[in-house]
Amino acid sequence: VIMGGTAALRWFSESLGWDFVYERLRSLYGRLWNNLNSIEKVHLLSNQGQSGLITFWIDGVDPVDIVAQLREHYIFGRTIIVTQPHAVRLSIGAWNRESDIERISEVVHDIAHGASQ
């Protein structure tokens, strides 16, 4: 794990450059934040302009159920129980594609409107 992590960091540094990595993450995060913020019943705990962790809840939907429904679409997150209300946290990174952000947004929209099942 340490060797793999070190190799990945070296590749990011040498092949992409940290400016690219940070700007891409900022762009993807901003896009996801804006998309989720525009969905009725979705509430963001994360602020606009944060890093790669985004935390949200959906009115009337248990976070455990949200995580389970996301998983059905191969979107992996976790529940956060130290917040009130409890929420869901997703992690995105420079390795995500724009299509990943759009898919997350679509699935969260469907969950919020009862259409994911």
Side-chain angles (χ1 to χ4, degrees):
V1 172
I2 292 172
M3 290 174 63
T6 300
L9 290 172
R10 185 174 297 119
W11 180 78
F12 273 127
S13 178
E14 294 172 0
S15 296
L16 298 176
W18 291 112
D19 289 341
F20 171 84
V21 171
Y22 296 138
E23 176 56 30
R24 179 158 176 79
L25 178 55
R26 186 197 63 74
S27 174
L28 291 172
Y29 178 92
R31 187 174 189 171
L32 181 58
W33 194 95
N34 286 332
N35 288 354
L36 296 183
N37 193 49
S38 72
I39 301 171
E40 186 179 347
K41 299 182 182 180
V42 173
H43 303 276
L44 291 156
L45 287 175
S46 300
N47 293 319
Q48 194 170 26
Q50 283 184 223
S51 190
L53 298 176
I54 193 160
T55 306
F56 66 95
W57 80 89
I58 299 173
D59 287 338
V61 185
D62 188 311
V64 171
D65 294 334
I66 297 169
V67 169
Q69 290 180 56
L70 289 169
R71 185 171 289 136
E72 291 174 10
H73 297 275
Y74 303 99
I75 300 167
F76 300 97
R78 67 183 189 101
T79 57
I80 302 295
I81 61 171
V82 295
T83 60
Q84 285 302 323
H86 296 170
V88 172
R89 178 168 291 159
L90 301 177
S91 174
I92 61 166
W95 49 83
N96 285 107
R97 298 173 301 218
E98 287 80 3
S99 61
D100 297 333
I101 301 305
E102 296 309 313
R103 185 65 181 145
I104 292 167
S105 303
E106 291 168 4
V107 173
V108 170
H109 177 276
D110 290 349
I111 294 168
H113 294 90
S116 179
Q117 300 282 337

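Computed over heavy atoms, backbone and side chain alike; hydrogens, waters and symmetry mates excluded. Not measured: the values here are computed from a predicted model.
Sorted by first and then second residue, the pairs that involve residues 20-33 and meet side-chain hydrogen bond (donor to acceptor under 3.5 Å, both in side chains), not counting sequence neighbours, are Glu23-Arg26, Arg24-Glu98, Arg31-Glu102. Listed by first and then second residue, the ring-ring contact (aromatic ring centres under 6.0 Å, His included) pairs involving residues 85-105 amount to none (not counting sequence neighbours).
Counting only N and O atoms by type, the side chains of Asn35 and Glu106 include no donor and acceptor under 3.5 Å apart.
Of all non-hydrogen atoms in Ser105 and Ile39, the two that sit nearest each other are O-CD1, 3.6 Å. Between Leu25 and Ser51, the shortest heavy-atom contact is CD2-OG, 3.6 Å.
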For residues 52-67, which side-chain donor-acceptor pairs fall under 3.5 Å, sequence neighbours excluded?
| unit_1 | atom_1 | unit_2 | atom_2 | d |
| --- | --- | --- | --- | --- |
| Thr55 | OG1 | Arg89 | NE | 2.9 |
| Thr55 | OG1 | Arg89 | NH2 | 3.4 |
| Asp59 | OD1 | His43 | NE2 | 2.9 |
| Asp59 | OD2 | His43 | NE2 | 3.0 |
| Asp62 | OD1 | Val64 | N | 2.7 |

Check: residues 12-21 side-chain donor-acceptor pairs under 3.5 Å, at least two apart:
| unit_1 | atom_1 | unit_2 | atom_2 | d |
| --- | --- | --- | --- | --- |
| Ser13 | OG | Trp18 | NE1 | 3.4 |
| Ser15 | OG | Trp11 | NE1 | 3.3 |

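The other residues sharing a hydrophobic cluster with Tyr74 are Phe76, where clustering joins ILVMFWY side chains under 4.5 Å apart.
Contact check for Leu70 versus Leu90: side-chain heavy atoms found under the 4.5 Å cut-off.
A salt bridge links Arg97 to Asp100: at least one charged side-chain nitrogen sits closer than 4.0 Å to a carboxylate oxygen.
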Worked check of side chain to side chain contact (heavy atoms under 4.5 Å, CB included) between Val42 and His109: CA-CA 8 Å; Val42 173; His109 177 276; over 6 Å; no
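Partners of Arg78 under the side chain to side chain donor-acceptor pair (under 3.5 Å) rule, at least two apart in sequence or in another chain, do not exist in this structure.
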